[in-house]
Protein chains: 2
Amino acid sequence: MSHDPPHIPLPEFPPYLKRERPASRAERTRQALLEAAFLEIYLKGFRAASLSDILEVSGCTKGALYHHFTDKHALGLAALGDAFHRFLDHNWYQPLAGTDDPVTELRRIIERHVNGELGVDPRLGCPINNLSQEMSPIDEEFRLFLSGVLAEWRGHIADALERGKAAGTVRADVDAEGVAAYIVATHQGVSGMLKTTRDISLAEKCAHSYFDYLEHLRA
Amino acid sequence: MSHDPPHIPLPEFPPYLKRERPASRAERTRQALLEAAFLEIYLKGFRAASLSDILEVSGCTKGALYHHFTDKHALGLAALGDAFHRFLDHNWYQPLAGTDDPVTELRRIIERHVNGELGVDPRLGCPINNLSQEMSPIDEEFRLFLSGVLAEWRGHIADALERGKAAGTVRADVDAEGVAAYIVATHQGVSGMLKTTRDISLAEKCAHSYFDYLEHLRA
DNA sequence: AGAAACATACCAACCGGTCGGTTTTTATAT
DNA sequence: ATATAAAAACCGACCGGTTGGTATGTTTCT
């Protein structure tokens, strides 16, 4: 009996995660390492991520790796910080920044997730959540890094909610920070459950309850 | 610079996870292995869990381990299945089974979690969630096992909601299964976020939104 | 020429798992 | 109750494989 899951094809990199071709050769290998590292860590987690595999995928060698990064930690943090910021900026920060009706915009964002439009493989889950769960209890540096990412994420949602309150689209008694925390947590929870059940109908049902809650915030 | 987190003392085993003294010596070593394995896996995750450490903690040897279990997988599944079922039965199934007012009971259960009364270290998170996140994408056997645990969990909540509908404490138009899924997912999400932020005030704020949502289900 | 960028052979530590041998328990016969 | 043989339970040295990291040498760019 094998423990291997049915073959999972490598997820396509969504276009906004693609980088423009860098000029110098050194920078090119650096980017190749970052990209391969992110993919490997996303697929296997940080601890199980193999440097040899990263080197194979990126086409680099150990010498290049340890020339650009001090150790596995530094490589991982660089790769993740980069990818996380791009993803959140493109899918959350920018949409939220452009509206005074955050409830409607949050619904859109969730819908895009459920519909699989964001290039996040539901079987693999949200990489931010994955890393949080794996590394927070055992590595303080990772925990602080991820805690910062989550705080920034909540901050952008809270800002949008505050603007909604000012614009009269959101109830005035809403605790923006608390609701932002709840929204992020729920989002992570649903994507986590999906990873295990692989039952898309569950995601749709959850989204329904999710929307019920969000509508409840309207002025 | 060290990546180690500040020292985390071993969590106390909540009493309902303690086992009565088994009679035979063989059964005693089996239980010692299960207990040590659960603790080690809870602390480090399955892949990072070290058999040598499990043996040291349990006071057993490799020979004993591989006499009782075919391999690491079997040991892990046995240890986790056992612990999960006890935990859920004591903290969720039994309380929910004894009421026709599931909303009030769910509030109580959440409150107990937030207050740390259940012996779950918020820094380490919910073990079911931890294992789900780590193993689901890379091991089909684990995924199916965890998927079953989650389904059972949702099932007990859905049953309680249905009883609430019949008893008139829950709105008749509530989709019990969908809401149960949402409740479990949100619960996992909050406990996951707490693991990274370590900010208890966030848990309280999330609980507030959580309760808002739950109250919204009342008839 | 000198520095930055890379390549490769190598290392100790650890991993899960195996296997031949020893001890303890159990079943049976007396 | 005791002897004994078979089976279950346990022990621990050992194995091949992988890991992250290093040291030394070579190529490429400025």
Side-chain angles (χ1 to χ4, degrees), chain A residues 1-4 21-41 43-80 131 134-135 138-139 141-142, chain B residues 1-4 21-41 43-80 131 134-135 138-139 141-142:
Chain A
M1 160 185 24
S2 164
H3 306 304
D4 291 341
R21 262 294 149 80
S24 79
R25 167 181 152 173
E27 190 58 25
R28 225 178 310 135
T29 71
R30 203 188 122 91
Q31 299 293 344
L33 285 168
L34 286 177
E35 188 162 328
F38 172 74
L39 207 59
E40 170 84 358
I41 294 173
L43 290 173
K44 304 192 192 168
F46 177 76
R47 284 174 299 181
S50 156
L51 290 185
S52 342
D53 286 359
I54 292 173
L55 294 176
E56 193 173 346
V57 168
S58 66
C60 304
T61 64
K62 273 245 171 96
L65 200 170
Y66 280 91
H67 173 76
H68 287 282
F69 304 94
T70 67
D71 57 5
K72 197 189 182 189
H73 259 87
L75 172 65
L77 287 173
L80 295 170
L131 262 291
E134 179 191 2
M135 298 304 289
I138 58 170
D139 188 295
E141 202 179 352
F142 260 94
Chain B
M1 158 185 25
S2 164
H3 306 305
D4 291 341
R21 262 295 153 80
S24 79
R25 166 180 153 170
E27 192 55 26
R28 226 177 310 135
T29 72
R30 204 188 122 90
Q31 299 292 344
L33 285 168
L34 287 176
E35 186 162 330
F38 172 74
L39 207 60
E40 170 85 357
I41 295 174
L43 290 173
K44 304 191 190 168
F46 177 76
R47 285 173 298 180
S50 155
L51 291 185
S52 342
D53 287 359
I54 292 174
L55 294 175
E56 194 174 345
V57 169
S58 67
C60 304
T61 64
K62 273 245 172 93
L65 200 171
Y66 279 90
H67 173 75
H68 286 282
F69 304 95
T70 65
D71 57 6
K72 197 189 180 187
H73 259 86
L75 172 65
L77 287 174
L80 295 170
L131 263 291
E134 178 190 2
M135 298 304 290
I138 57 171
D139 188 294
E141 201 179 352
F142 260 94

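The phosphate of D:dT19 has OP1 or OP2 within less than 4.0 Å of a side-chain N or O from A:S52. In this model, the phosphate group of D:dC10 is approached by a side-chain N or O of B:T29 to a distance below 4.0 Å at OP1 or OP2. Contact annotation: A:S50 side-chain N/O to D:dT19 OP1/OP2 distance is under 4.0 Å.
Counting only heavy atoms from C-beta on, B:Y66 has its side chain closest to C:dT18 among C:dC15, D:dG21, C:dT18. If you check C:dC6, C:dG16, D:dG20 against the side chain of A:H68, the one that comes closest is C:dC6. Listed candidates were C:dC6, D:dT19, C:dA5. Nearest to the side chain of A:H67 is C:dA5.
Between A:H73 atom NE2 and D:dT19 atom C1' there is a gap of 15 Å when expressed in whole angstrom units. Across the protein-nucleic acid pair, B:L55 atom CG and C:dG17 atom C1' stand 12 Å apart, rounded to whole Å. Rounded to an integer number of Å, the gap from A:L51 CG to D:dG21 P is 6 Å. Following rounding to the nearest Å, B:F69 (CZ) and C:dT18 (P) show an atom-to-atom distance of 16 Å. When rounded to the nearest whole Å, the span between CG of A:L65 and P of D:dT22 equals 12 Å. Nucleotide D:dG21 holds its P atom 5 Å from the CG atom of A:D71, rounded to whole Å. With rounding to whole Å, A:E56 atom CD is found 16 Å from C:dT8 atom C1'. C:dG16 atom P lies 8 Å from atom CZ of B:F46, rounded to whole Å.
Remark: side-chain polar atoms of B:D71 are paired, donor with acceptor, to backbone N or O of B:A74 under 3.5 angstrom.
Looking at heavy atoms from C-beta onward, B:K44 lies in side-chain contact with B:D53 at the 4.5 angstrom threshold.
On a pure distance criterion of 3.5 Å, a polar donor-acceptor pair joins the side chain of B:K62 and the base of C:dG17.
What you find for A:L75 and A:L33 is that their closest heavy atoms are CD1-O, 4.2 Å.
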**Message:** Between A:V57 and A:E40, is the side-chain contact (heavy atoms from CB on, under 4.5 Å) condition met? List the steps.
**Reply:** CA-CA 9 Å; A:V57 168; A:E40 170 84 358; 5.6 Å; no
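Counted by atom type alone, A:E27 and A:Q31 present one or more donor-acceptor pairs between their side chains at under 3.5 Å.
Backbone-only engagement by A:A49 is indicated by non-hydrogen atom pairs under 4.0 Å involving sugar-phosphate atoms exclusively.
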